[in-house]
Q: 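Below is one structure. I have some questions about it.
Order of the sequence lines fixes the chain letters, A, B, ..., with proteins taken first and strands second; residue numbering starts at 1 for each chain.
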Amino acid sequence: MLWTQTLIPTMKETPEGAEIPSHVLMLRAGLIGQVMAGAYTYLPLGLRSLRKAENIVREEMNAAGAVELLMPAISPISLWEQTGRAEAFGDVLIKFTIRRQNRKVRMALGPTHEEVITDLVARHISSYRQLPITLYQIQTKFRNEERPRFGVLRTSEFLMKDAYSFDTSVESLGENYKKMYAAYCRIFERCGLEYLPVEAESGPIGGDVSHEFMVPAENGEDTLLHCAECGYAANQERAEVGARDVAPPDVPLEELKKVDTPGASTIEQVSSFLGCKPQNLIKTLIYTADGKPIAVLARGDHEANEGKIRRAAVAEKLELADPEMIERVTGAPVGFAGPVGTKEKIAILADRDIRQMANSVTGANAADAHLTGVNLGRDFEVDQFADLRNAVDGDPCPRCNSQLAGRHAIEVGHVFKLGTKYSEALSARFLDDREQQHPIVMGCYGIGINRIIAAAIETSHDENGIIWPVALAPYEVLLVPLKVTDEQTMKVATQLHDDLSAAGIDVLLDDRDARAGVKFKDADLIGIPLRVVIGPRGLKQGQLEIKWRWEKEPRMIDRDGAAELVAELIRCKRKESDNSRV
RNA sequence: CGGGGCGUGGCGCAGUCUGGUUAGCGCGCCUGCUUUGGGAGCAGGAAGUCGGAGGUUCGAAUCCUCUCGCCCCGACCA
C-alpha cells in the first residue's frame, strides 16, 4: 500500500479531550476518528489492526471447535421480555419502535445474544445427539453506556466475539469451558498481551466458575488483586481476603463515651469532625437479608462486599435497608447506626478485621451522636465473623502467606458458566437417550475486539507513539524512502514494496514528498514494527537501514537480498507470537 | 444521575473578567523560491454564521436566559 493512496491523518497535537495513551495515540496516529461520545470511525489503519485481532480470535475459535454464524443486531423486544432482561438491562438496552404498514414493531439492538441464540437452538436442536455444540459470532454490539469514556475502551457500540456452548450436562459444560479458557489464553498470547485470567463473580446463577481475562494497565477501569507468590488472581468483587493473625491490639482500653457529632453522618465527616482516622471507625450497615434486618460491621476505610455478605448471611436477596427500616431498627436516622445498643435486637455480622480494632468510633444509634472508645467483647458482641469486604492492595493472600497486590486492568474477555437460565426461559430442551427432557446447559464466552487493540496500545507505547506487536500491527513493514524525487531511491523502494507484498508481508510505502524528520516522526507514531529506510547515504554503499520499532539503533543491511531478509525477519516474529499454539 | 471543566478556520490555543476598527497566533493546507537523515526557511494565499436560539445594547466572541455538544471525577456497569 502506498501512503499517498490511503488515508492516514496523523496529528502533531493531541486533540482536546483525549487523555489516556490509547485514546491519544489512536487519534494522533490516524487509527480512529470520533463521531460522537462513545462512537468512533475506524480509519484504514485502525481497521486493519481490528481485523487482525478479529482474525486471530476467529482462527482460535475455529481451532477450538466452535462454529461461526452471524445473528442480526436487531431482535424483537419480546425475546428480551421473556428472560426478564429487558428490565434487567434497563436503559443500557437500546430499544426502539418502527412502523411497518399499520403496525408498530418494537425492537432492541443486541447488547449480547444469549436470547437470540438460545431461541435459535431451541428451534433446531432437540436431541442429545446434536450436542455438545459451541456457536459464535463476531459482531457489533450496542449498549447505551451511562458514560462512554476512555476512547475506544468504553463505547456505545463495539465489536465483540460472543460464543455460546450448549451441553447435556454440567460435566460436559466443564469440558467446553476448559476448551474456551485455553483458546482465550492462546488468543491473548498471540496478540502479544500481558494478560491475567482472574476469578470473577459469577453472579446469581449458581456458585459456578467465571473468569475474566484482564490486561493490567494503569488506566484500566477494573481492579484486580494478584498474588505474585502463588499466582492467585481475582477481580476486586470476587477476591477473598486471607485471614490475619487475630491477636487483638495490645492497648489500654478507653472508656466508652458518647459525643455529639451534629450533622456528621458519613465516615469522612465523622473522622474529620472528631479528628480521627477512618481506620478507627466501625461502619455499621443495615441490610435486609430476605426481608430480615441484619447489621454488618466493617472498618471505616473498607468497602462492604454485598456478594460476600449475602453468602455469609445465607440469603437469597440482600439489599441495603431503606431509611424507615434503619430508623426502626437502630432508633436513629441513617448515618448514626452502631453495634452498641440497637433499638431492636438484630443479628450482627462483622468483617474479620473488626477483631483487631480497639477504642473505635461508631454511631450511637441516636441522631447527631457517635460513641468513642468502643470495644468488642466489652461493649458489643458479634454473632458471626466473616470476610465481608472488598480486598485491597496489601491484604493477605487467601491461598498462601504472601500479600495481594491491587492493580488496575482492562477486561478483554470473560468466560462464564450460564447453566440453564436462558434455556429454561426460552424452552431450549433436549431429549436424552432415555427419552427424558432436560434444559440445555449453557456457557457464554465474550471478547471485546476493540479492547484488544486499546489494551495493546495502552501497554505498549513510548513518548513517540505506538509500539505494535507484529500480530496486531496494521502493517508489518514500513518503507521510508527519504527522497521520493530521486529515481534510484524510488526504484529500490517500489521494488521492495512489490517483492514484500508478493511474499505475503503487509507493507506500507511512505511515498509522501516530505522531509525525513516528518516521516520518521510519523513512523514512530503509527508504530509499524519494522522500519526500512531507503536513503542516499546507504544507497551509495548498496545498503538499506532497518530498525525494529522497539529498538533504539538501526542497522544496515545489503540492498541485494533485502526483500528476502526482511520477509524472513517478519516470518520469525510471526512465529514467535504464534508459539503459544501447541 | 451528582460534581467539575471546555466549545473561536482541519488540529492546538489567545482574546471573554473590563462590550467598541477589517477576530488573532502556532501547526496543517495551496502557490513560488531556497532547503533536504528526526516535525525546514522566506514570500504570497485560501479557509471562521466565535456550538445554537433568544434577549440587553447605538454596538456582543465578550453581558443575560435557555439550549446542544464534548471531556474528566463519582455513582452505575447483564
Q: Could you give the distance separating B:G5 and B:C77 at their P atoms, to the nearest angstrom?
A: 28 Å
Q: Does any nucleotide pair with B:G7 by Watson-Crick or G-U wobble geometry, both distances under 3.5 Å, and what is it?
A: B:C68
Q: B:C6 and B:U16: how far apart are their C1' atoms, nearest whole angstrom?
A: 14 Å
Q: Please determine if A:Arg451 forms a cation-pi arrangement with A:Phe158, meaning its NZ or CZ atom is less than 6.0 Å from the six-membered ring centre and no more than 45° off the ring axis.
A: no
Q: Classify the side chain of A:Arg28 versus the base of B:G39 as yes if they form a donor-acceptor pair under 3.5 Å and no if they do not.
A: yes
Q: Checking salt bridge (Lys or Arg N to Asp or Glu O under 4.0 Å) against A:Glu545, which of A:Arg531, A:Arg559, A:Arg537 comes through?
A: A:Arg531
Q: Which of the following nucleotides, B:G39, B:A75, B:A78, is nearest to the side chain of A:Glu146?
A: B:A75
Q: Tell me the interatomic distance from A:Ile32, atom CD1, to B:C70, atom P, rounded to whole angstroms.
A: 15 Å
Q: NA contact type, A:Arg512, heavy-atom cut-off 4.0 Å: base, sugar-phosphate, or nothing?
A: nothing
Q: Could you work out the separation of B:G26 and B:G41 based on their P atoms and round it to a whole Å?
A: 11 Å
Q: Applying side chain to side chain donor-acceptor pair (under 3.5 Å), name anything that partners A:Asp462, two or more places apart in sequence or on another chain.
A: A:Arg549
Q: So A:Tyr181 and A:His211, would you call those rings parallel, tilted or perpendicular, with 30° and 60° as cut-offs?
A: perpendicular
Q: Check whether A:Trp80 forms a cation-pi arrangement with A:Arg85 (NZ or CZ under 6.0 Å from the six-membered ring centre, at most 45° off the ring normal).
A: no
Q: With the sugar-phosphate defined as primed atoms, P, OP1 and OP2, and the base as all remaining atoms, what B/S/- string results for nucleotides 3-8 of chain B, 5' to 3', for protein heavy atoms under 4.0 Å?
A: ---S--
